[in-house]
Amino acid sequence: MCGRYALFAPPDELAERFSVPVPETSPTYNAAPSQHLPIVPDDAEEIRLARWGLTPEWADEERDLINARAETIEEKPSFRDARRCLVPANGFYEWVEADGGKRPYYVTRRDGDPFAMAGLRTRWEPPTKQTGLDSFSGGGPDSEEPAAIETFAVVTTEPNEVVEKLHHRMAVILSREHEREWLSGEPFSLAPAEELRTYPVSTAVNSPGNDSPELVREAADV
DNA sequence: CCAGACGTTGTT
DNA sequence: GTCTGG
DNA sequence: CCAGACGTTGTT
DNA sequence: GTCTGG
């Protein structure tokens, strides 16, 4: 699956790679759920920030659907009305159980290029709170109308021959030539497994607070 | 009819 | 919003 | 995904 | 053990 990833390609590289304008974004080697991260929406030629953890439009409180099974996204009420998006990444992490503990592994492209994970997105508007006092203040600066937010989930599928050594699910890494098809509502096309590699990394990545290039450096295997 | 759920992963 | 369970 | 918190009263 | 925060 995918519960943590890295996106450290600089904005100009992302702009070139996805042929869209990119806002000033900071690189991250440890992107975690609930953070606001760059996505390419299906309906806008630009990269925007969205909260990782999809909330269905009809939900009355924030949800944290960080993954969506590709096999059932057309059926599940939480996903079937969601729009599509690309989730740019340089790689993602998988944790493998070993010796009663867990070792993190990094999955990335052999050529080092960023890629797109298949994503679903929604625009979620928090329910408007009824304070009762706002009617007197005339909706002044004190009336807190929470703004709508973009949210997204990463689509998962069965692992290819590289990731199956680590896990029985994996994030959908789109074939570069078929990214537009995913955005158009068609089925995904996976990038060939031969283009990927995986290696163990430091357990420093476990702590969501850690964020440095060291996290994607290969560590000695156990 | 209304109330309540609506997901994934991994683990049991 | 839509479906399922009671 | 993993790490870290997990409480109350009263006071500042 | 379970929930929240990142």
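Residue numbers start from 1 in every chain, and the chains themselves are labelled A, B, ... in the order their sequence lines are given, proteins ahead of strands.
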Asker: With the six-membered base ring of B/dC6 as reference, does the ring of A/Trp58 sit under 5.5 Å away with planes under 30° apart?
Answerer: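 A/Trp58 ring centre within cut-off of B/dC6 base, planes near parallel; stacks.
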Asker: Report yes if at least one side-chain N or O of A/Arg169 is closer than 4.0 Å to OP1 or OP2 of B/dT9; otherwise report no.
Answerer: yes
Asker: Listed in order of residue number, which residues of residues 70-80 of chain A have a non-hydrogen atom at under 4.0 Å from DNA chain B?
Answerer: A/Thr72, A/Lys76, A/Pro77, A/Ser78, A/Phe79
Asker: Quick one: which residue pairs count as a ring-ring contact (aromatic ring centres under 6.0 Å, His included) with a foot in residues 106-126 of chain A, not counting sequence neighbours?
Answerer: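 Found A/Tyr93-A/Tyr106, A/Tyr106-A/Tyr199.
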Asker: Pairs in or reaching into residues 79-88 of chain A: which pass salt bridge (charged side-chain N to carboxylate O under 4.0 Å, His left out), with residues at least two apart or in two chains?
Answerer: A/Asp42-A/Arg83, A/Glu74-A/Arg84
Asker: If we take the P atom in both D/dC1 and B/dT8, what is their distance in whole Å?
Answerer: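 Looking at atom P only, D/dC1 and B/dT8 are 13 Å apart.
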Asker: Encode nucleotides 1-6 of chain E as B, S and - characters from 5' to 3', where the letter depends on protein heavy atoms closer than 4.0 Å: B to the base, S only to sugar-phosphate, - to neither.
Answerer: ----BB
Asker: Is any side-chain nitrogen or oxygen of A/Thr156 closer than 4.0 Å to OP1 or OP2 of B/dT9?
Answerer: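 So the side-chain polar atoms of A/Thr156 do come within 4.0 Å of the phosphate oxygens OP1 or OP2 of B/dT9, strictly under.
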Asker: Can you check the A/Tyr29 OH to D/dC1 P distance for me, whole Å?
Answerer: 24 Å
Asker: How would you list all residue pairs meeting ring-ring contact (aromatic ring centres under 6.0 Å, His included) that involve residues 70-92 of chain A, not counting sequence neighbours?
Answerer: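 Counting only pairs at least two positions apart or across chains, no ring-ring contact (aromatic ring centres under 6.0 Å, His included) contact touches residues 70-92 of chain A.
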Asker: Tell me which pairs pass salt bridge (charged side-chain N to carboxylate O under 4.0 Å, His left out) where either residue lies in residues 177-186 of chain A, with sequence neighbours left out.
Answerer: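 Only A/Arg17-A/Glu179, A/Glu45-A/Arg180 qualify under salt bridge (charged side-chain N to carboxylate O under 4.0 Å, His left out).
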Asker: Only stems of 3 or more consecutive Watson-Crick or G-U pairs count here, both distances under 3.5 Å; name the ones for DNA chain B, or none.
Answerer: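 Detected stem regions: B:1-6 with C:1-6.
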Asker: Under 4.0 Å, counting only non-hydrogen atoms across every strand here, what does A/Ala68 touch: a base, just sugar-phosphate, or nothing?
Answerer: sugar-phosphate
Asker: If a pair satisfies salt bridge (charged side-chain N to carboxylate O under 4.0 Å, His left out) and one of its residues is in residues 158-168 of chain A, list it, with sequence neighbours excluded.
Answerer: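 Listed once each, the pairs would be none.
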Asker: Who are the side-chain contact (heavy atoms from CB on, under 4.5 Å) partners of A/Ser34, not counting sequence neighbours?
Answerer: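 Partners of A/Ser34 by the side-chain contact (heavy atoms from CB on, under 4.5 Å) criterion, ordered by chain and then number, come out as A/Arg51.
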Asker: Name all residues meeting the side-chain contact (heavy atoms from CB on, under 4.5 Å) criterion together with A/Ala98; count only those two or more places apart in sequence or in a different chain, and write none if there are none.
Answerer: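 Result, side-chain contact (heavy atoms from CB on, under 4.5 Å) vs A/Ala98: none returned.
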Asker: Please, which pairs that meet ring-ring contact (aromatic ring centres under 6.0 Å, His included) have at least one residue in residues 1-22 of chain A, sequence neighbours excluded?
Answerer: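 Every pair satisfying ring-ring contact (aromatic ring centres under 6.0 Å, His included) with a residue in residues 1-22 of chain A: A/Tyr5-A/Trp52, A/Phe8-A/Tyr29.
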Asker: What nucleotide among B/dG7, D/dC2, D/dG4 has an atom nearest to a side-chain atom of A/Leu65?
Answerer: B/dG7
Asker: Mind calculating the distance between CD (A/Glu94) and C1' (D/dC2) to the nearest angstrom?
Answerer: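 Going from CD in A/Glu94 over to C1' in D/dC2 covers 13 Å.
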Asker: For A/Arg69, check salt bridge (charged side-chain N to carboxylate O under 4.0 Å, His left out) against everything at least two apart and list the hits.
Answerer: A/Glu71
